[in-house]
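Just so we're clear, the structure is a prediction, and the values are computed from it rather than from any experiment. The figures that follow rest on heavy atoms only: side chains count, while hydrogens, waters and symmetry mates do not. Every number for a ligand or one of its atoms is a count from 1 in the order of the listing.
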Amino acid sequence: MNSEAIVKETRAYHCLECGVCTSSCPVARVRPSFSPRLLVEKALFGFGDEIVRDRDLWSCLVCGRCTSRCPSNVDYLNFIKEMRIEASKLGEKGLFSHDGILNTIMELQSLSLRQKRTSWITDDLEVADEGEWFYFVGCLPYFDLVFGEGGYCDVGLKPTERARNTVRILNKMGIKPVVSNDERCCGHDLLWNGDLEGFRRLAELNLKTIEKSGAKKVICLCPEGYVTLKRDYPSYLGEQDIEVVQLYQLLADKLKEGKLNFVENGSDNPVKVTFHDPCSLGRIAEIYEEPREILSGIPGIELVEMERNRADALCCGTSGWVNCSSCSKQIQTERLKEAEATGADILLVACPKCGIHLSCAKYNSDIKIEIKDITDLIVEKMA
Ligand code: SF4
Ligand code: SF4
């Protein structure tokens, strides 16, 4: 798509030059030279060639704050995505964090390879090769290699514990999900980093794997995986005969049906928690209340909101494993301090990547608040 077509497709020609996008942008607040408004203006005035060579094209966190607030409904997120696809054709890329190891892992998964991605499944977990529900695990098994003990960038995390939690919770709901060794990365990061062909290859491989399992329902813990399978697979590969469900939607329903129960609290003192809305779960998928409904159902848990919550929530500071910078660290530190200011003991996260990014910022800092994935809490408290 050339820049004229991108302007048309994303309604950029409706831009009022109001600057709401720039004033809403967490990157622009830290780095005033970054201006989403200016990028849109450049495209409007026919300087698309400059945009695709502009390093700032890769500084956007695709957090969606600008898109959600734009009074003219300019689809800035898709504007960035399409511009990156064009830039990528010219060989332009973002600056990969962690020496590009995660990007390499994602690219490799889009090719013909043999994986060993299910060794995280422990004996207590019930999984199947075929069935009604497919649990889309995403890149969690690979994150362990990078961020786990002895990993390439060891920040003391165990990302695959989130996958085990998901299966434990599903088993408790009477669901024995399919978990496949042939699954690949969902393609979210390749798509948003401009690699459309890589994304397509991953999507095609995943759809074949899901079809082979006989599953008609796909459950995702990772909000980015959820949005990618639910919105982007149909948009790029046509409508699919599968229902894509986010774990917290399912659990909120089960709670209402009385099929998700929690143990009584043994203490009079509630544990104070605060909740970080991931951009993909919140602003993109508009799933705000379900995690809160689940938390309100757990005895002894008191939720205290951060000043910026739901559609106003601050991003966790980096996206797609590109351009993780001092700007990212400032945004992450600001978010952690906002969480501490609530007086909460625990900052709950609902996205494995948010957990990684915020934990990384906490590492070697004097920030004390405990960071915990909601699935950890659910598994601890499930009756
Ligand atoms: S918020 Fe929307 S209308 Fe205002 S400058 Fe940004 S893109 Fe243009
Ligand atoms: S998506 Fe987020 S980071 Fe990117 S320009 Fe908009 S507000 Fe800024």
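- In this structure, atom 4 (Fe) of ligand 2 lies nearest to the protein heavy atom Cys60 SG, 2.3 Å.
- The atoms of ligand 2 that sit less than 4.0 Å from any heavy atom of Gly64 are 1 (S), 2 (Fe).
- Here the heavy atom of the protein found nearest to atom 3 (S) of ligand 1 is Leu16 N, 3.2 Å.
- Residue contact annotation: Cys21 has no non-hydrogen atom under 4.0 Å from ligand 2.
- Close contacts of ligand 2 with Pro26, meaning ligand atoms under 4.0 Å from a residue heavy atom, involve 7 (S).
- The protein heavy atom nearest to atom 5 (S) of ligand 1 is Gly19 N, 3.2 Å.
- For the residue pair Asp182/Thr209, the side-chain donor-acceptor check at 3.5 Å is not satisfied.
- The proximity of Val62 to ligand 2, defined as any non-hydrogen pair under 4.0 Å, is limited to the backbone.
- A salt bridge between Arg310 and Glu289 is present, with a side-chain N of the basic residue lying under 4.0 Å from a carboxylate O of the acidic one.
- Residue-level proximity to ligand 1 for Arg69 is absent, since no heavy atom of it falls below 4.0 angstrom.
- The aromatic rings of Phe147 and Phe143 sit perpendicular to each other, their planes meeting at more than 60°, with 30° as the lower class boundary.
- Among the backbone and side-chain atoms of Cys15, an N, O or S atom lies under 2.8 Å from atom 8 (Fe) of ligand 1.
- Contacts between Pro36 and ligand 2, counted as non-hydrogen atom pairs separated by less than 4.0 Å, involve the side chain only.
- A donor and an acceptor atom, one from each side chain of Asn171 and Arg168, are nowhere located under 3.5 Å apart.
- The protein heavy-atom contact nearest to atom 2 (Fe) of ligand 2 is Cys63 SG, 2.3 Å.
- Taking backbone and side-chain atoms together, Cys25 has no N/O/S atom less than 2.8 Å away from atom 6 (Fe) of ligand 2.
- With respect to the salt-bridge test (charged N to carboxylate O, under 4.0 angstrom), the residues Arg84 and Glu92 do not qualify.
- One finds no salt bridge joining Arg162 and Asp144 here, because no Lys/Arg side-chain nitrogen approaches an Asp/Glu carboxylate oxygen to under 4.0 Å.
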Yes or no on salt bridge (Lys or Arg N to Asp or Glu O under 4.0 Å) for Lys42 and Asp56, after CA distance, side-chain angles and deciding distance? CA-CA 13 Å; Lys42 275 187 181 175; Asp56 269 349; over 6 Å; no
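- No more than 12 heavy atoms of other residues, nucleotides or ligands sit less than 6.0 Å from atom CD of Glu4.
- For atom 6 (Fe) of ligand 2, the closest non-hydrogen atom of the protein is Cys66 SG, 2.3 Å.
- Under 3.5 Å, the side chains of Glu183 and Tyr135 contain no donor-acceptor pair of N or O atoms.
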